Engineer: 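There's a structure below that I have some questions on.
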Amino acid sequence: MVALRKDPTHMREILTTAGITIETLSALSISPRGREPYGRRVLYSTPDYEVMLATWSPGAECAPHNHGYAQGAVWLVTGTFIETHYIFEKELTDLTVSGEPTIWTQDNVLDVGINDIHSMRTSNGGMSLHFYSPAIQQMKVYDLKQRRTLTVTDDCGAWVPQNTQKILEQAAWPKR
């Protein structure tokens with residue numbers, strides 16, 4: 001992965017060089033559909049890289065998820081978000097909150113690690129720009145209600161898909 005300085009000034013420099021402004025991003029944004037927490041638009045994708053724009057509804061929360069084999073950064077372009085980290089160990093038979101939630105505001109940049117499991121929520125809506133390498137593949141979404149882990153298609157966001165064709169695999173968690 002190409003080294004990416006994870007600060008908003010560097011993110012703006014990259015976008016400005018490409019002729020992209022925050023207004024351009026706003027014009028490219030798409031609204032969430034149905035019960036999806038955010039509208040998801042992939043702006044650039046190769047096997048090695050993916051850039052995705054998320055437009056969040058007020059009060060939205062995504063499901064706990066990982067990023068498959070990808071790592072990268074998420075720039076919070078607008079809005080305030082609360083991020084919660086989790087751990088999942090088969091011996092625990094559950095998804096467990098790890099540490100205290102973190103409040104992130106506009107212009108913060110979050111690290112995304114290969115083994116990270118997290119969820120995001122926003123009270124006031126917002127827009128986030130996601131940079132991943134390699135492109136998202138084999139992402140897992142953790143379904144808290146039905147106690148299962150879903151491996152979803154590469155075009156699915158961080159939510160339990162209504163369209164079951166977007167679920168590639170599922171594994172029930174052991175009973176408590």
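Just so we're clear, the structure is a prediction, and the values are computed from it rather than from any experiment. These numbers come from the heavy atoms of this one structure, side chains and all, not from hydrogens, waters or symmetry mates.
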Engineer: Determine whether H65 and V152 make a side-chain contact, defined as any pair of heavy atoms from C-beta on separated by less than 4.5 Å.
Structural biologist: no
Engineer: For ring-ring contact (aromatic ring centres under 6.0 Å, His included), just list the numbers for F81 and W56, CA-CA rounded to whole Å, side-chain angles, deciding distance to a tenth of an Å, and then say yes or no.
Structural biologist: CA-CA 10 Å; F81 293 81; W56 296 74; 5.3 Å; yes
Engineer: Centroid-to-centroid, H67 to Y132, below 6.0 Å?
Structural biologist: yes
Engineer: Under a 4.5 Å side-chain heavy-atom rule over Ile, Leu, Val, Met, Phe, Trp and Tyr, are L43 and W75 clustered together?
Structural biologist: yes
Engineer: Under the ring-ring contact (aromatic ring centres under 6.0 Å, His included) rule, what do Y142 and F88 come out as? Steps first, then yes or no, please.
Structural biologist: CA-CA 9 Å; Y142 298 86; F88 185 85; 5.8 Å; yes
Engineer: Under 4.5 Å between any side-chain heavy atoms of V42 and E50, yes or no?
Structural biologist: yes
Engineer: Does anything in residues 152-172 pair up under ring pair (Phe, Tyr, Trp, His ring centres under 6.0 Å), and if so which pairs, sequence neighbours excluded?
Structural biologist: Y38-W159
Engineer: Is the shortest side-chain heavy-atom distance between P47 and P134 below 4.5 Å?
Structural biologist: no
Engineer: Under a 3.5 Å distance rule, please check whether T122 uses its side chain to pair with a backbone N or O of T80 as donor and acceptor.
Structural biologist: yes
Engineer: Start with the C-alpha gap between E83 and W104, add the side-chain angles, then the distance that decides, and say whether side chain to side chain contact (heavy atoms under 4.5 Å, CB included) holds.
Structural biologist: CA-CA 7 Å; E83 179 185 35; W104 299 99; 2.9 Å; yes
Engineer: Restricting to non-hydrogen atoms, name the atom on P161 and the atom on I167 that form the minimum distance, rounded to 0.1 Å.
Structural biologist: CG-CG1, 3.6 Å
Engineer: Would the number of heavy atoms belonging to other residues, nucleotides or ligands and lying under 6.0 Å from CG of N115 be above 12?
Structural biologist: no
Engineer: Counting distance only, does the side-chain N/O of N66 pair as donor-acceptor with the main-chain N or O of K140 below 3.5 Å?
Structural biologist: yes
Engineer: Over all heavy atoms of both residues, which pair between S26 and S29 is shortest? Give the atoms and the distance, please.
Structural biologist: O-OG, 2.6 Å
Engineer: Can you tell which of N108, L76, L53, L110 makes a side chain to side chain contact (heavy atoms under 4.5 Å, CB included) with S128?
Structural biologist: L76
